[in-house]
Protein chains: 2
Amino acid sequence: MRSRQTRTAVLGALSIQPMTGYAMREAIRTTLGHFWSESFGQIYPTLAELEQEGLVERGEGTRTGSSTFALTPAGRAHLRTLLADPPQPDPPRNGVLLRLFFGRVLGPEACADLVRDARDRAERQLAGLAAERTDTDHTAHADDSPYWLLTISAGEHAARATIAWADETLATLATLAAEGHGGEPPTSSKETP
Amino acid sequence: MRSRQTRTAVLGALSIQPMTGYAMREAIRTTLGHFWSESFGQIYPTLAELEQEGLVERGEGTRTGSSTFALTPAGRAHLRTLLADPPQPDPPRNGVLLRLFFGRVLGPEACADLVRDARDRAERQLAGLAAERTDTDHTAHADDSPYWLLTISAGEHAARATIAWADETLATLATLAAEGHGGEPPTSSKETP
DNA sequence: GTACTCTTATATCTGGTAGACATATCTCCG
DNA sequence: CGGAGATATGTCTACCAGATATAAGAGTAC
């Protein structure tokens, strides 16, 4: 059985409106992008499974060979069950922190570059979320939008936290660099001088 | 070739001190746990690859059949290269936000439970990080510890952001519940009343 | 002193996933 | 009206995570 969380995302997307597999990927990428991701490799097999189980219905698409999927009543009931399941924790993987942890090998300046990049990304995300926030306010789905705004708010809190941490960290790294904890000698110098 | 980030984590761990595959998994789980994870399925094959390439050296372990791995000079140089690579963004997957996004189907009370759980987890993480912080201060690796503290600080910022967001969100959900946006009707009621 | 069990360490194996790739349909311009 | 590029759709493969099997050592009772 495919992961329950992917099924949740797929059924949830169809609970907003019927759509094709490709459209679903786009919707997930643009709207859920800051906290979720699915790839074709999951979406299509999952839709096929759900069709087998009678939880979604396949309809004609606009193009030959394409299909639009819609939620059946059974599918809607199943979605409620899935949403009530406890969330599965996903293993964290933060490439910036991994590099920073071994920062002594890399040196303070390179670490600072890394942190500045992360800060920039957070700023851009904050701007993107602000745009989404106004979009959501102007869009029709009045019953859903309060919940959508909660997820946007989560992204904003996280981004602001990243920015605050980055500023603190840059200050710390500056003093580290000044004190001459300059990391390991660069490759030009010998191991045994 | 196995993911460069896994190689980075493995070589980085050996840069602290030589260790066995099992010890490495433990070290990654306990020390890097709040921002990284690796499983045996990656660690052992990666170690074998790195040995082939002469980047690590296999030594005798304490038990029959066990091996201790140590960084070679070439391995240390390779680690520097890997750390300089730009971090790979990992696709986000936040189960709590996924459920909250479809919160209309689930109802405000169940959503509040979810958010309270997330808040509890963040509180516990904050406590754990505080413990790690004092540990790090008292441990020998003086050159590494400034960098380790930076990663701990990142975790603390993130956890505090989660707590602040949770408090805001719980207030919002309370008003939603009061206003009677009670989600979809429970399964007992009919679709067309 | 010896045999048995329980815990801990190590390695492999399987299902699931991400993203590259192949294919087909539209649209716009000549 | 025909063709080329853009866009939409679906499949395939290599890789990864975690569960599971296997083996060693320590402790305990007789």
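Naming: A, B, ... by sequence-line order, numbering from 1 per chain.
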Which of residues 10-20 of chain A sit near DNA chain C, with a heavy atom under 4.0 Å from it? none
Figure out the CD/P separation between A/Glu51 and D/dG10, and round it to whole Å. 12 Å
Shortest non-hydrogen contact between B/Ala159 and B/Leu126, atoms and distance: CB-CD1, 3.8 Å
Determine yes or no for a side-chain-to-main-chain donor-acceptor pair under 3.5 angstrom, with A/Trp36 supplying the side chain and B/Asn94 the backbone. no
Going by the salt bridge (Lys or Arg N to Asp or Glu O under 4.0 Å) test, which pairs reach into residues 118-127 of chain A, not counting sequence neighbours? A/Arg119-A/Glu123, A/Arg119-A/Asp167
For B/Arg7 and D/dC15, what is the distance between atoms CZ and C1' respectively, to the nearest whole Å? 14 Å
Got a list of protein N/O to nucleotides 19-22 of chain C N/O distances below 3.5 Å?
| residue | atom | partner | partner atom | Å |
| --- | --- | --- | --- | --- |
| C/dG19 | O6 | A/Gly41 | N | 3.4 |

Across all chains, not counting sequence neighbours, the side chain to side chain donor-acceptor pair (under 3.5 Å) partners of A/Thr151 are none
Starting from P on C/dG16, measure out to CZ on A/Arg4 and report it in whole angstrom. 12 Å
Residue pairs, two or more places apart or on separate chains, that pass salt bridge (Lys or Arg N to Asp or Glu O under 4.0 Å) and touch residues 87-103 of chain B: A/Glu38-B/Arg93
Qualifying salt bridge (Lys or Arg N to Asp or Glu O under 4.0 Å) pairs with a residue from residues 126-137 of chain B, counting only residues at least two apart or across chains: B/Arg133-B/Glu156
A/Leu47 CG to D/dT11 C1', in whole Å, measures 14 Å
Take atom CG of A/Asp90 and atom C1' of D/dG18, then tell me their distance rounded to the nearest Å. 14 Å
Would you please name every residue forming a salt bridge (charged side-chain N to carboxylate O under 4.0 Å, His left out) with A/Asp117, sequence neighbours left out? none
The answer to which of B/Arg93 and B/Gly21 contacts DNA chain C further toward the 5' end, by nearest nucleotide, is B/Gly21
Is A/Tyr22 close enough to D/dT9 that one of its side-chain N or O atoms is under 4.0 Å from OP1 or OP2 there? no
Considering only heavy side-chain atoms of A/Tyr44, the closest of C/dA11, D/dT11, D/dA8 is D/dT11
List the residues meeting salt bridge (charged side-chain N to carboxylate O under 4.0 Å, His left out) with A/Glu26, not counting sequence neighbours, and say none if there are none. A/Arg29
Between CD of A/Glu26 and C1' of D/dG10 the distance, given in whole Å, is 14 Å
Sequence neighbours left out, what passes side chain to side chain donor-acceptor pair (under 3.5 Å) with A/His78? Give chain and number order. none
